[in-house]
Amino acid sequence: MNLYETDKEFMEIFERFAFEEVVHEEGQELEDQTRYMAILAVLIGCQGQEVFRMMLPKAMENGITPVMVKEIVYQAADYVGFGRMLPFLEIANEVMEEKGIELPVEHRGTTTEENRLEKGVQAQVDIFGEHMKEAWKAGHINKWLAANCFGDYYTRNGLDLAQRELITFCFLIAQGGCEPQAIAHSKGNMNMGNDKEFLIKVVSQCVPYIGYPRSLNAISCIEKAAE
């Protein structure tokens with residue numbers, strides 16, 4: 001179905017807002033690579049499969065490499081679950097194959113089964129502070145969080161810690177119902193140099209894709225983290 005034929009008026013409104021007004025709002029601009037990284041992440045968070053398919057080629061024309069695409073999608077497994085992440089991995093593979101990109105992309109892991117917990121704890125400490133050194137001992141899910149989420153994913157090459165915290169924030173705000181985690185990761189972002197003003201710009205650029213209620217909730221989480 002061609003929306004430009006069936007819903008031309010809506011598409012004109014949406015595209016003018018999303019691709020012109022939002023992108024060029026004075027004081028809320030982001031450089032293209034960061035903006036598209038955030039957009040891809042919130043689309044996974046809100047399960048916008050068709051829009052992800054539409055935006056991915058644009059993202060790859062504006063600084064998002066195949067490795068970055070894969071790292072964004074892989075990390076989503078820990079924040080939306082494999083069941084909701086898998087369709088996006090399949091879309092990414094289909095788009096890359098259409099573009100003639102050889103798969104799989106190069107290996108990016110840096111940890112082993114023996115050191116993934118240690119390296120994951122260190123990543124948590126680097127992002128959130130020294131109090132995270134013992135957090136993994138609070139229970140088995142806390143241990144999995146350190147070893148799997150941070151040890152298996154955050155330690156991978158392809159995105160740095162500030163970029164990983166950015167996409168995590170985007171996964172969370174797009175889902176809704178994750179406000180405690182969104183506040184915590186707002187703080188993590190700020191610790192990584194993604195300050196309050198930067199995060200508000202990120203939310204602003206994502207408004208067309210996640211809507212106003214979740215965007216306003218995200219701003220509230222940022223404000224609480226900054227207090």
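Note that the structure is a prediction, hence the values are computed from the model and not measured.
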Val121 reachable from Ile141 in the ILVMFWY side-chain graph, under 4.5 Å edges: no

same_hphob_cluster(Val42, Leu86) at 4.5 Å side-chain heavy-atom cutoff: yes

Which heavy atom in [X] sits nearest to a heavy atom in [Y], and how many Å separate them?
X      : Y      : result
Cys46  : Arg214 : CB-NH1, 4.5 Å
Leu166 : Phe198 : CD1-CE2, 4.0 Å
Gln175 : Gly45  : CG-O, 3.4 Å
Val202 : Ala38  : CG1-CB, 3.9 Å

Nonpolar side-chain network containing Ile183, other nodes, edges under 4.5 Å: none

Criterion side-chain contact (heavy atoms from CB on, under 4.5 Å) on Lys70 and Thr65, from CA distance to verdict: CA-CA 9 Å; Lys70 285 302 185 80; Thr65 67; over 6 Å; no

Partner of Asn189 under side-chain contact (heavy atoms from CB on, under 4.5 Å), chosen from Ile127, Asn194, Ile222: Asn194

Atom CD of Glu102: over 12 foreign heavy atoms under 6.0 Å: no

Is there side-chain contact between [X] and [Y], with at least one heavy-atom pair below 4.5 Å?
X      : Y      : answer
Val125 : Glu130 : yes
Val67  : Val69  : no
Arg108 : Tyr74  : no
Cys221 : Asn217 : no
Ile39  : Gln205 : no

Indicate every side-chain donor-acceptor pair of residues 9-28 with a distance under 3.5 Å to a residue at least two apart or in another chain.
unit_1 : atom_1 : unit_2 : atom_2 : d
Glu12  : OE2    : Lys8   : NZ     : 2.4
Glu15  : OE2    : Tyr4   : OH     : 2.3
Gln28  : OE1    : Ser204 : OG     : 3.2

Asn93/Glu97 under side chain to side chain donor-acceptor pair (under 3.5 Å): CA gap, chis, key distance, verdict: CA-CA 6 Å; Asn93 287 338; Glu97 287 173 353; over 6 Å; no

Pairs where residues 176-201 contributes a residue and the test salt bridge (charged side-chain N to carboxylate O under 4.0 Å, His left out) is met, not counting sequence neighbours: Lys196-Glu223

For a quick test of your reading: what N or O donor-acceptor pairs under 3.5 Å do the side chains of residues 149-161 make, sequence neighbours left out?
unit_1 : atom_1 : unit_2 : atom_2 : d
Asp152 : OD1    : Arg116 : NE     : 2.9
Asp152 : OD2    : Arg116 : NH2    : 2.8
Asp152 : OD2    : Asn148 : ND2    : 2.9
Tyr154 : OH     : Tyr79  : OH     : 3.4
Tyr154 : OH     : Glu165 : OE2    : 2.7
Tyr154 : OH     : Thr168 : OG1    : 2.7
Thr155 : OG1    : Gly151 : O      : 2.5
Arg156 : NE     : Glu71  : OE1    : 2.9
Arg156 : NE     : Glu71  : OE2    : 3.1
Arg156 : NH2    : Glu71  : OE2    : 2.8
Asp160 : OD1    : Ala162 : N      : 3.2
Asp160 : OD1    : Gln163 : N      : 2.8

Polar side-chain atom of Glu134 near backbone of His131 as donor-acceptor pair, under 3.5 Å: no

Of all pairs that satisfy ring pair (Phe, Tyr, Trp, His ring centres under 6.0 Å), the ones with a partner from residues 82-129, not counting sequence neighbours: Phe52-Phe88, Phe128-His185

Partner set under side-chain hydrogen bond (donor to acceptor under 3.5 Å, both in side chains) for Asn62, not counting sequence neighbours: none

